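Quick note: numbers below take in every heavy atom, side chains included, and nothing from hydrogens, waters or symmetry partners. Quick caveat, the model's predicted, so the values are computed rather than measured. Here is how names work: the chains are called A, B, and so on, in the same order as the sequence lines, proteins then strands, and each is numbered from 1.
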There are 2 protein chains.
Amino acid sequence: MSDPKTMLAEGRQTFRRKTLHEELTESIREQIILGDLAAGTRVPEKELCALYGVSRTPLREALKVLATDGLINLEPNRGAWVSKITCADIDEVFPIMGALEALAGELACRHIRDEEIGAIRKLHREMLGHYEKREMGPYFETNQRIHEAILAAARNNTLTTQYRSLAARVRRARYVANMTMQRWSQATEEHEQIMTYLERRDGESLSKILKKHLENKLETVRHWLEEKEKNADIE
Amino acid sequence: MSDPKTMLAEGRQTFRRKTLHEELTESIREQIILGDLAAGTRVPEKELCALYGVSRTPLREALKVLATDGLINLEPNRGAWVSKITCADIDEVFPIMGALEALAGELACRHIRDEEIGAIRKLHREMLGHYEKREMGPYFETNQRIHEAILAAARNNTLTTQYRSLAARVRRARYVANMTMQRWSQATEEHEQIMTYLERRDGESLSKILKKHLENKLETVRHWLEEKEKNADIE
DNA sequence: CTTCGATTAAATGAATGCATAATGCTTTCG
DNA sequence: CGAAAGCATTATGCATTCATTTAATCGAAG
């Protein structure tokens with residue numbers, strides 16, 4: 001897109017001084033995604049201003065941006081919250097991510113170069129290693145990099161942006177969700193198929209399996225969230 | 001999502017006072033979509049402030065939001081432009097819209113009620129009337145309402161939001177693009193099929209035809225934009 | 001005449017201050 | 001003793017002001 005941030009990303013970003021509100025947006029977004037700012041907590045402007053040592057103006061601009069991204073809720077005269085993830089949310093978001101990943105797979109098969117497939121294959125093997133050692137954290141990490149690589153191969157910046165924006169909203173949940181061993185092995189199997197279709201450049205099949213992969217992922221997160229919401233009712 | 005704007009939409013929005021920056025965001029967004037603010041024009045803060053009679057603070061907040069929506073480009077210390085629509089842009093955006101509409105169709109078939117199908121059928125007939133009378137403007141209008149109705153039937157607010165955001169970015173082009181008669185009749189035929197599959201609640205087929213519909217739409221807009229960019233090169 | 005540089009004007013980035021709406025507490029009355 | 005109303009405090013919305021960057025114009029040197 002004609003968005004300067006993406007267009008000039010590689011060439012200029014390094015020495016382009018960022019404005020305060022940009023840095024704030026990134027920083028706060030990260031805090032939310034990583035869970036440092038827990039879902040549901042209020043975000044008083046004054047407090048964050050003190051924390052970052054800035055005035056309210058750039059902070060408020062950052063909050064507006066995060067609100068349109070869906071990470072924060074703003075209500076006039078009532079302030080800002082870190083938006084909660086509910087079952088209803090992920091029921092909405094995962095199918096969309098599925099559709100986007102399906103498209104990404106289709107496009108990737110058209111555009112991907114051999115060396116990129118090689119790189120993904122490597123990531124895939126790495127992920128298998130983590131699976132066998134039951135290293136959940138590194139597994140997630142590598143898993144995410146694979147999906148990012150497929151997105152990159154799709155050569156559609158807007159698609160990447162949209163996907164990331166949605167992913168950020170649910171990532172907090174995905175980090176914590178404990179997969180059952182059964183689901184984990186199933187996911188790994190799906191990834192095997194993803195790899196196969198990608199190497200065959202079979203866009204249609206890749207598209208389908210990616211969509212299904214997301215549907216299954218939804219089930220995992222869903223179960224976890226239902227438990228959590230049940231517990232939350234108690235307090 | 002847990003966005004208060006959507007959650008409280010029916011119940012409270014009517015008597016919830018809007019803030020200045022919200023009104024500004026809406027107003028400017030509309031101006032851009034309708035083409036009152038032409039693509040590529042600079043948007044000096046001072047000028048818009050004078051126009052709306054507000055200070056720079058809420059205006060700047062509105063611009064930040066529009067920038068994340070992709071309607072405006074912001075470059076630090078250099079100001080804001082209404083983002084241009086290039087061929088590259090629509091090549092990126094239309095496939096995504098296709099994927100989203102396909103999903104919408106699939107979900108709609110699961111959730112749509114008979115009376116909703118009836119309403120769409122009515123819009124469909126209305127659109128056919130505009131087609132036969134060659135009324136391009138009303139045709140577009142009705143066409144858009146049909147797609148909106150399908151989205152509504154999908155019962156996925158996030159999907160609707162995402163779709164609208166993308167649609168806004170290309171709508172300016174779609175308004176102006178002149179369809180050839182051949183393309184126009186093809187589009188009408190596609191809509192006939194859309195209607196059929198929707199009434200059969202055949203999600204898979206509806207999904208496919210909607211995706212294809214968007215692909216064809218892309219071709220139309222593409223041709224028009226290529227012409228335009230050629231002309232633009234002259235100046 | 002062209003080009004490089006400096007100075008100045010204009011526009012954006014950020015901070016401060018003021019007005020207003022919302023919340024919590026106290027007080028009073030039923 | 002409980003509930004409602006009024007007041008005080010706090011936080012947000014917006015305007016204003018100050019600082020920094022960009023760019024434009026004018027002048028001087030090659």
Original post:
Between B:Arg169 and B:Asp89, does at least one N-O distance fall below 4.0 Å, as a salt bridge requires?
Top reply: no
Original post:
Taking the side chain of A:Ser55 as its heavy atoms from C-beta onward, which of C:dA22, C:dA11, C:dT16 lies nearest to it?
Top reply: C:dT16
**OP:** For A:Val54 and for B:Gly79, locate the closest nucleotide of DNA chain C by heavy-atom distance; then report the residue assigned to the nucleotide nearer the 5' terminus.
**Re:** B:Gly79
Original post:
Judged by modelled atom types alone, do B:Thr160 and B:Asn157 share a side-chain donor-acceptor pair under 3.5 Å?
Top reply: no
Subject >> Check ion pair A:Glu126-A:Lys122 (N to O, under 4.0 angstrom) >> reply: no
Subject >> Length of the CG-P vector between A:Leu59 and D:dG13, whole Å >> reply: 11 Å
**OP:** Just call it for B:Thr19: base, sugar-phosphate, or nothing, with non-hydrogen atoms closer than 4.0 Å on any strand.
**Re:** sugar-phosphate
**OP:** Can you figure out which of C:dT12, D:dT16, C:dG17 approaches the side chain of B:Thr57 most closely?
**Re:** D:dT16
**OP:** Give the rounded distance in Å between these two atoms: CG of B:Asn73 and C1' of C:dT12.
**Re:** 16 Å
**OP:** Could you tell me the separation between the CG atom of A:Leu63 and the P atom of D:dA11, rounded to a whole number of Å?
**Re:** 15 Å
Original post:
With B:Met97, which of B:Leu214, B:Leu210, B:Leu218 fulfils side-chain contact (heavy atoms from CB on, under 4.5 Å)?
Top reply: B:Leu214
Subject >> Proximal nucleotide (of D:dT21, C:dA22, D:dA15) relative to the A:Asn77 side chain >> reply: C:dA22
Subject >> A:Pro58 side chain, from C-beta outward: closest of C:dA14, D:dA11, C:dA21 >> reply: C:dA14
Original post:
What integer distance in Å separates A:Lys46:NZ from D:dT10:C1'?
Top reply: 8 Å
Original post:
Out of D:dA11, C:dA14, D:dA15, which has the shortest distance to the side chain of A:His21?
Top reply: C:dA14
Original post:
Whole-Å distance between D:dC14 P and A:Lys64 NZ?
Top reply: 8 Å
Original post:
How close or far is atom P of C:dG13 from atom CG of A:Leu20, stated in whole angstroms?
Top reply: 11 Å
Subject >> Polar side-chain contact A:Arg78-D:dG13 base: donor and acceptor under 3.5 Å >> reply: no
Subject >> d(CZ, A:Arg42; C1', C:dT23) in whole Å >> reply: 10 Å
**OP:** Starting from C1' on C:dT23, measure out to CD on A:Glu75 and report it in whole angstrom.
**Re:** 14 Å
Subject >> Under-4.0 Å side-chain N/O to phosphate OP1/OP2 contact, B:Arg60 with C:dA11 >> reply: no
Subject >> Electrostatic pair B:Lys18-B:Glu26, nearest N-O below 4.0 angstrom >> reply: yes
